[in-house]
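Worksheet: the structure to be examined is printed underneath.
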Amino acid sequence: MGLIQDVGGGLLLALGLLLAVLVLFLVLALGTQYMRMRRRRPQGKQARADVEVRAQLFEDGFSEHEVADAIQTSRPRDDA
């Protein structure tokens with residue numbers, strides 16, 4: 001009877017640790033995803049910023065190709 005209780009207790013401990021690790025992993029994964037979403041600029045603001053940069057660069061005498069390269073380079077990259 002003691003062996004059954006020891007094995008059962010060990011299994012419960014292992015399952016509890018596994019559940020704790022799973023919850024910790026989910027919290028960290030969702031937290032990093034949330035932070036990534038918060039950093040990303042909304043599409044409307046991104047489009048307005050692109051139009052303003054495009055207009056300023058055209059006024060400064062840059063070509064269409066140079067303007068497109070500058071806008072593409074200025075956008076933040078998502079490393080994920």
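One-based numbering along the sequence shown.
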Show me the side-chain donor-acceptor pairs of residues 5-32 shorter than 3.5 Å, one per line, residues at least two apart or across chains.
from, atom 1, to, atom 2, distance (Å)
Thr32, OG1, Leu28, O, 3.2
Thr32, OG1, Ala29, O, 2.9

Any salt bridge between Glu64 and Arg54, counting N to O under 4.0 Å?
yes
Who clusters with Phe58? Use side-chain heavy atoms, under 4.5 angstrom, across I, L, V, M, F, W and Y, and order the result by chain and number.
Val53, Leu57, Phe62, Val67, Ile71
